2 protein chains.
Amino acid sequence: MSGGTGWQEVRDEALRRIRARLWAPGDRIPDEAALAEELGCARATVNRALRDLAEAGLLERRRKGGTRVPLTPVRKATFSIAIIRQDIEARGQVPGYRLLGDIVEDAPAEVRAAMGDGPLRHVTALHTADGAGFCLEDRWLNPAVVGDVSFETLSANEWLVGNVSFAEGTLAFHAVPATAELARALGCKEGDALLALDRETRGEVPITWVRLVYAPGHRVQAAL
Amino acid sequence: MSGGTGWQEVRDEALRRIRARLWAPGDRIPDEAALAEELGCARATVNRALRDLAEAGLLERRRKGGTRVPLTPVRKATFSIAIIRQDIEARGQVPGYRLLGDIVEDAPAEVRAAMGDGPLRHVTALHTADGAGFCLEDRWLNPAVVGDVSFETLSANEWLVGNVSFAEGTLAFHAVPATAELARALGCKEGDALLALDRETRGEVPITWVRLVYAPGHRVQAAL
DNA sequence: GCGGATAATATGTATATACTTAATAACGCC
DNA sequence: GGCGTTATTAAGTATATACATATTATCCGC
């Protein structure tokens, strides 16, 4: 009657009521059955809509407890992790890649915490955009997983995505000062503030630990 | 037969096949009806499971085109945005708050791009954890939205969440060098590399633009 | 062979129904 | 009143069915 029964319309109507404070923070909202009747749709449709909002942190749902608008919503932001080359192409720039180092050695404590003790394959490479340094990849690999694949022309980043992707892992952002090596590779001054992304990937066993350090000014954008 | 028909079990089984490369990158997987029959459940259950994997970037689905394992998966990571005070409490530390400045003035170009021209209320505040500087909040507010609420004791961060939350916005991470003010507030040296989070929030009109600069070493963790 | 209309198809969604589960509320006992 | 048991409730899930919608594939006329 009111114009539609799709779950997205139900979600939008719920969102409107939240924003208009018809449903104020702390409030318990009508249950699914009541909303279904009011909006003229099935309960499953309301369920889908409210579940969607709950996943975004805009509602809190509990069995028997009903659904309520959180007093202090914990919004969730998502960002996409693509291959670096794709990232650069998406910016309309020409991607480049240069292998800087590839040796087996003992890793620092920070890496050993994630990858375990024992010698690891240490690969460093520079990704460029339109010829300029874009991102320095500092990667430690489990030799048992990668064997002796060459990363001369194909970045480890790309090889991993195509071969041992779909694994679990953790990810964190932080800031690091540019070392002499970073300054040289990324074309900035030593000590400059750079954005870094640490990522750890493992399947059954640890696979890789990587730190990507981006050129000055780089921003990683997320969507709410 | 095989042990269960819940959508999470279907999802896990699909994930297992992807990881085991039974379904290899580029492959088209069986359609929902076939999987439903094979796994002994309803098509809607399979749909729920595969939709979940597609949202995580582990599958690509298209009407008529079927479902396939992406050649270069674009994984999605999510992180939660809570009130800073809650963030600090979650670390087991005692949160503190000190208002540093609150004046109406013209904003720099970067902020005007998001908030429009005209004078804005500029609020700066320091969040502390166990007494030490944790995060400097540099916020520009639309006076038409906030009026003359006092942020002496309640952080703007918290006031906004409780009053104009549920709005749209953008969010980005980057790195900045510590200015003299930042160094003083966060207890570090001038020029130190610091993680910054820029966030823009708007409803019908621009509401606020904020930059949170964290103390040295701070990491923002995301989940895959 | 090419382009455009047409058919086929896999996913997307809506619905009624039924049952499960977690959490709260009610009850009754002491 | 305090406490443990039981009943109730609202969300969570599963299912069959039906129809919608985007594509892809096919067919046909030229």
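Since the model is a prediction, treat every value here as computed from it, not as a measurement. Each chain gets a letter, A, B and so on, in the order the sequences are listed, and its residues count up from 1.
- Atom CZ of Arg43(B) is separated from atom P of dA18(D) by 13 Å (rounded to the nearest Å).
- Taking 4.0 Å as the cutoff to heavy atoms of chain B, we find the contact window on DNA chain C bounded by dA8(C) to dT13(C).
- Considering only heavy atoms from C-beta on, Leu120(A) comes within 4.5 Å of Pro143(A) through its side chain.
- A salt bridge links Arg19(A) to Glu168(B): at least one charged side-chain nitrogen sits closer than 4.0 Å to a carboxylate oxygen.
- Taking side-chain N and O atoms only, Arg62(B) has a distance below 4.0 Å to OP1 or OP2 of dT24(D).
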Table please: side-chain donor-acceptor pairs of residues 134-142 of chain B below 3.5 Å, with sequence neighbours left out.
{"residue": "Glu137(B)", "atom": "OE1", "partner": "His127(B)", "partner atom": "NE2", "Å": "2.5"}
{"residue": "Glu137(B)", "atom": "OE2", "partner": "Arg139(B)", "partner atom": "NE", "Å": "2.7"}
{"residue": "Glu137(B)", "atom": "OE2", "partner": "Arg139(B)", "partner atom": "NH2", "Å": "3.0"}
{"residue": "Glu137(B)", "atom": "OE2", "partner": "Asn157(B)", "partner atom": "N", "Å": "3.4"}
{"residue": "Asp138(B)", "atom": "OD1", "partner": "His122(B)", "partner atom": "NE2", "Å": "2.5"}
{"residue": "Arg139(B)", "atom": "NH1", "partner": "Thr208(B)", "partner atom": "OG1", "Å": "3.2"}
{"residue": "Asn142(B)", "atom": "OD1", "partner": "Ala144(B)", "partner atom": "N", "Å": "2.9"}
{"residue": "Asn142(B)", "atom": "ND2", "partner": "Pro206(B)", "partner atom": "O", "Å": "2.8"}

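- Map Ala44(A) and Gly66(A) each onto its nearest nucleotide of DNA chain D; the residue landing nearer the 5' end is Gly66(A).
- Atoms OG1 and CZ, from Thr153(B) and Arg98(B) in turn, are 14.5 Å apart once rounded to the nearest 0.5 Å.
- Spacing between atom CH2 of Trp7(B) and atom P of dG12(D) amounts to 11 Å, rounded to whole angstrom units.
- The Thr45(B) side chain lies nearest to dA14(D) when the options are dT8(D), dA11(D), dA14(D).
- Listed by residue number, the members of residues 46-57 of chain B with any heavy atom below 4.0 angstrom from DNA chain C are Asn47(B).
- A salt bridge is absent between Arg62(B) and Glu60(B): the closest approach of a Lys/Arg side-chain nitrogen to an acidic carboxylate oxygen does not fall below 4.0 angstrom.
- Residues Glu13(A) and Glu9(A) are not in side-chain contact: their nearest non-hydrogen atoms beyond the backbone lie 4.5 Å or more apart.
- Contact annotation: the side chain of Cys41(A) approaches that of Val46(A) to within less than 4.5 Å [non-hydrogen atoms, C-beta and beyond].
- Here dT23(D) presents its C1' atom at 15 Å from CG of Asp31(B), a figure rounded to the nearest Å.
- Straight-line distance from the CZ atom of Arg61(B) to the C1' atom of dA22(D): 14 Å, rounded to whole Å.
- Tested against Leu35(B) for a side-chain contact (heavy atoms from CB on, under 4.5 Å), the candidates Leu50(B), Val10(B), Thr45(B), Asn47(B) yield a single pass: Leu50(B).
- Ranked by how close their nearest DNA chain D nucleotide is to the 5' end, Arg28(A) and Lys64(B) are led by Arg28(A).
- In this structure, CG in Leu194(B) is found 11.0 Å from NE2 in His218(B), a value given to the nearest 0.5 Å.
- Distance, Arg68(A) CZ to dA10(D) P: 12 Å, rounded to whole Å.
- Phosphate contact (OP1/OP2 of dA11(D), side-chain N/O of Thr67(A), threshold under 4.0 Å): present.
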